[in-house]
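A, B, ... follow the sequence lines: proteins, then strands. Residue 1 opens every chain. Remember, it's a predicted structure, so these values are computed and weren't measured experimentally.
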Amino acid sequence: MSDRYEPSTFESNWRQRWKDADLFKTRENPNAPKYYGLDFFPYPSGAGLSVGHCRNYVPTDVICRMKLMQGYNVLHPMGFDAFGLPAENEAIKRKTHPAPMIKGYADTYRRQMDLIGVSYDWSRSFSSSDPSYYKWTQWIFEVLYKRGLAYQKLAAVNWDPVDKTVLADEEVVGGRAERSGALVEKKYIPQWFFRITDYAQRLIDDLDTVEWPEGIKVQQKNWIGRSEGVQFAMKVQGTGKAEGGRYDLDSTEVSTSGEPLTFEVFTTRIDTIFGMTFCVLAPEHGLLEKLLQGVDQEHRDAVAAYQLAARTLSDTDRTSTTREKTGVFTGADAINPANGEAVQIWVADYVLATYGTGAIMAVPAHDDRDFDFATKFEIPIKQVISPDAEGTAVELPFVSKDGYLVNSGEYSGLSVAESQLGLGIWIEGLGIGQRKIQYKLRDWLISRQRYWGCPIPVIHTVDGEQQLVPEDCLPVELPMVEHYEPTGDGTSPLAHIPEFVNTTDLDGRLGKRETDTMGGFACSSWYFLRFTDPFNFNQPWTEAAADYWMPVDCYVGGAEHAVMHLLYARFWTKVLYDEGLIKVKEPFQKLHNQGQVLALTPYRKAREDERLNVGEDGVLISFKEAAELPKEDITHRWARMSKSKGNVVTPEEAVESYGADALRLYLLFRAPFEADIEWENKGMSDLGRFLSRIFRFVDSQRPNYVSNWKDLLPFEELDDRARKIRRATHQAIRVVTTDIDRFAFNTYISGLMKFLNALNDLTTGEADRAFALAVSEAIDSLILLLAPGAPHSADELWNSLGHEEFTLNLEWPQFNEELAAEDAVTIAVQVNGKLRDTFELAVGADQATHEAAALALPKIQQYVEGKVIRKVVVVSGKLVNIVVS
RNA sequence: GCCCGGGUGGUGAAAUGGUAGACACAGAGGACUUAAAAUCCUUUGACUUCGGUCGUGCGGGUUCGAGUCCCGCCCCGGGCACCA
């Protein structure tokens with residue numbers, strides 16, 4: 001063996017030997033605890049992996065390898081999120097079919113993952129587009145359907161009337177189709193939804209039971225958007241007789257049938273109800289049709305025109321915050337139930353039809369949006385909240401909830417909190433409304449009018465009824481066809497394949513299959529369950545397998561999935577729990593988000609005729625281009641590694657030039673796991689040098705190596721040097737074990753470096769028997785502690801000492817607190833909190849000894865002389881602080 | 001605008017309220033070498049009258065003691081964005 005790290009001479013050999021030995025096959029020893037380590041389900045893109053993608057695979061691998069050595073049964077699988085739009089678009093571009101294409105890409109991913117030595121059990125691998133997998137995706141769809149959680153309803157899509165196609169939100173720019181330039185319309189077509197809103201509260205509550213980054217939990221909570229408020233009915237003035245109440249509804253400014261028209265509003269600020277000076281209905285509000293019958297022609301036309309405009313505007317533009325508020329008066333008034341005053345009813349698109357009731361009470365004095373609107377349309381503004389109980393007038397809008405009511409009848413003088421409760425109860429007592437909890441969360445739209453996805457297992461009968469495809473007829477297979485491109489009429493390409501569409505229903509009559517497919521997020525919402533039992537032909541998983549392996553102990557991936565994937569997977573897990581199919585309510589016990597890998601990327605200054613996108617201060621150029629331009633025209637910036645930026649370093653390049661273990665250690669060492677890495681190839685050679693130092697150390701100590709040190713060391717009389725070697729060893733075991741457990745991989749590696757430095761310092765001079773035994777323990781420990789991070793090198797080193805086993809099959813070293821303990825510590829001495837001196841003290845000395853020793857120091861006496869000692873703080877084993885005055 | 005992260009030497013970074021800068025990189029000096037590479041050793045926060053003084057984005061506070069806790073700001077990154 002060499003005395004340096006020469007990856008080309010051994011790394012690929014070890015990978016072959018691991019493969020031949022089936023080393024990574026999941027072991028299921030009875031009585032052993034389990035550990036389930038999982039990386040996010042990747043979509044295998046044609047660009048292949050970059051070293052950036054390895055950022056999460058390597059740390060998960062390190063922790064799984066350590067857990068295995070610690071005696072756990074480890075499940076560490078990998079598969080591919082193959083269905084979905086990215087794959088289909090790529091296949092269309094390449095004029096090929098997505099199935100073979102994605103298979104090829106997945107093979108590349110697998111080859112690259114193997115190349116860096118990640119210990120995946122490939123025997124459990126699958127793709128979400130495998131019929132044997134999506135059969136069960138459909139089966140779970142049916143579970144949801146039967147529980148009333150999957151339903152079809154009309155929903156708006158962006159429709160391009162020229163290209164006759166459905167557009168994604170990002171394909172609509174300024175209300176026009178990016179490609180055709182046509183004014184985009186909202187088209188209502190039936191779409192499938194999952195009723196995730198039923199689970200809103202549980203999705204909030206159970207976040208308390210998982211160990212996730214706090215930021216991700218907050219993002220999910222914000223997304224679900226719970227708010228507490230009051231929903232109540234408003235009556236339209238003059239549209240009915242008063243029911244003996246306090247309102248004068250006999251006015252006939254607006255007259256219709258005689259039935260009072262009402263609409264509901266939701267507010268979180270019921271305390272401001274006396275400040276309501278108008279109401280706003282969303283342009284899509286259902287009341288408008290009736291309401292308009294009773295108003296004059298002029299108002300009717302204005303509202304109709306406004307509604308038309310709202311319909312053609314894209315959601316993105318409509319909700320742009322920079323846009324000035326728009327709206328029209330309906331000509332009708334409503335009654336404020338709090339004080340009986342008439343308030344104008346307006347229509348404006350700043351009120352969303354899809355949230356709450358699609359109508360609001362507007363209180364311009366205490367709401368920014370209402371204030372803007374009232375100012376523009378010269379609607380009265382009435383202050384009803386004041387920062388103090390005296391009712392001081394303040395600059396409006398005053399939106400703080402820290403205040404007191406004024407001009408609010410009998411509620412004047414109460415605090416916001418008190419009056420919210422009181423007014424809520426009053427409204428309920430009046431029978432016109434109730435306190436209510438609203439969520440921003442919408443139902444999950446899963447329909448895609450696209451080919452490359454999991455077919456929805458529904459049959460539409462001639463009577464227009466829906467039937468589920470019976471379980472024994474699953475999966476509804478995606479037909480292999482040559483043409484699968486979007487069709488131009490807004491329907492799925494599947495709708496144009498008669499052999500697919502035409503079928504018989506459960507009663508033997510002609511029926512039509514559902515032709516929408518499920519969006520990719522459905523497929524990735526349960527794959528972690530399938531990994532527990534991936535080739536079960538009869539069930540999605542066996543109870544025993546899921547009960548044993550679930551939940552995922554450690555789930556690792558990018559923070560960009562903070563909401564969507566993680567929320568959907570949690571939702572499905574809860575539904576499956578409710579159905580009694582699994583025993584966990586949450587799928588992922590611990591979650592970790594890796595930082596990004598950034599690469600230095602060249603940009604050039606914009607030319608005079610060029611306009612840059614917002615937030616950009618240069619034009620992205622290739623490295624080739626950068627080499628040709630004058631230096632002063634180029635700036636380099638750190639940008640996320642991606643093929644489109646041309647700044648990618650591939651695992652192949654890294655392994656070829658620096659070695660897989662050097663790459664792995666560099667990824668671990670360069671920065672904390674959660675932090676971004678600024679990539680530098682040189683960093684890999686730095687870590688390669690560290691590996692070389694280990695090889696050199698082992699090589700130099702080989703003559704002293706005693707392989708059965710374990711049997712002999714306990715009986716050996718140790719001198720000071722041997723004791724120090726053992727201390728360094730056990731301290732290293734302690735720090736490495738805890739660092740890997742707490743996901744601190746950078747300090748894991750620096751712990752190894754420190755250990756090696758200590759060993760190099762301690763292994764000088766003559767070798768005796770005690771030394772040889774202590775060094776042998778140190779060598780074994782060093783190799784084993786290195787093994788999760790640099791498995792090729794560890795196996796090579798272990799082998800070079802005459803051993804046959806794979807390090808992965810060895811036991812993880814245990815540390816002994818007594819051996820790791822220092823016998824003397826350095827005590828810091830402070831005077832008034834400032835460090836003045838230090839001294840050595842035996843471990844375990846009492847407080848009086850600390851204090852006496854500190855005060856005896858000449859330097860300290862100088863500082864204390866002539867002053868009164870007020871107090872002496874002693875932290876045993878750490879410091880003495882003398883407070884003088 | 002709101003919500004999350006983060007701001008520590010020349011650089012990447014460490015640090016359960018207890019000696020700030022561990023571990024590396026880069027720099028400087030030296031050893032080995034004909035020379036280079038590789039390797040090894042020493043040194044490296046700033047200032048200093050060599051006694052010390054100052055230092056973790058800024059300003060306050062709590063504490064015997066604050067990078068760490070609290071309050072108010074500034075800057076950078078990310079998420080949400082008219083959700084009533």
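Comment: Lys867(A) does not engage Glu865(A) in a salt bridge, judged by the lack of any side-chain N to carboxylate O separation of less than 4.0 angstrom.
Side-chain contact check for Asp372(A) and Thr375(A): no donor-acceptor pair (N or O, by modelled atom type) lies under 3.5 Å.
Here Thr747(A) does not reach the OP1 or OP2 of A22(B): none of its side-chain N or O atoms lies under 4.0 Å away. Note on Arg742(A): every side-chain N or O is 4.0 Å or more away from OP1 and OP2 of U16(B). Between C64(B) and Lys871(A), a contact under 4.0 Å exists linking OP1 or OP2 to a side-chain N or O. Remark: Tyr355(A) is in phosphate contact with A84(B), judged by side-chain N or O atoms under 4.0 Å from OP1 or OP2. Using a 4.0 Å cut-off, some side-chain N or O of Asn746(A) falls inside it from OP1 or OP2 of A14(B). The side chain of Arg696(A) places no N or O atom within less than 4.0 Å of a non-bridging phosphate oxygen (OP1 or OP2) of A38(B).
Within a heavy-atom distance below 4.0 Å of RNA chain B, the residues of residues 873-883 of chain A found are Val873(A), Val875(A), Lys878(A), Leu879(A), Asn881(A), Val883(A).
For the pair Arg226(A) CZ and C80(B) P, the computed distance is 23 Å after rounding to whole Å. Atom CG of Asp676(A) is separated from atom C1' of C76(B) by 12 Å (rounded to the nearest Å).
Residue-environment remark: CG (Asp402(A)) stays at or below the threshold of 12 foreign heavy atoms within 6.0 Å. Within a 6.0 Å radius of CZ in Arg734(A), more than 12 heavy atoms belonging to other residues, nucleotides or ligands are found.
Looking at Lys682(A), its side chain has no donor and acceptor atom pair within 3.5 Å of the base of C25(B).
Evaluation of the salt bridge (charged side-chain N to carboxylate O under 4.0 Å, His left out) rule for Asp370(A) yields no partner, not counting sequence neighbours.
Lys217(A) and Leu207(A) get closest at one heavy-atom pair: NZ-O, 3.0 Å.
Of the two residues contacting RNA chain B, namely Asn757(A) and Gln830(A), the nearest-nucleotide position lying further toward the 5' end is that of Gln830(A). Nearest-nucleotide positions on RNA chain B place Asp761(A) closer to the 5' end than the other of Lys834(A) and Asp761(A).
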field: Intermediate values then yes/no, side chain to side chain contact (heavy atoms under 4.5 Å, CB included), Leu281(A) and Val351(A)
entry: CA-CA 7 Å; Leu281(A) 303 179; Val351(A) 170; over 6 Å; no

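Using a 30° and 60° split on the angle between ring planes, His592(A) and Phe743(A) fall in the parallel class, below 30°.
In this structure a side-chain-to-backbone donor-acceptor pair under 3.5 Å is missing from Asp676(A) to Val597(A).
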field: Dot-bracket encoding per residue of RNA chain B, Watson-Crick/G-U cut-off under 3.5 Å, | denoting interstrand
entry: (((((((..(((.....[....))).(((((.......))))).(((....)))..(((((..]....))))))))))))....

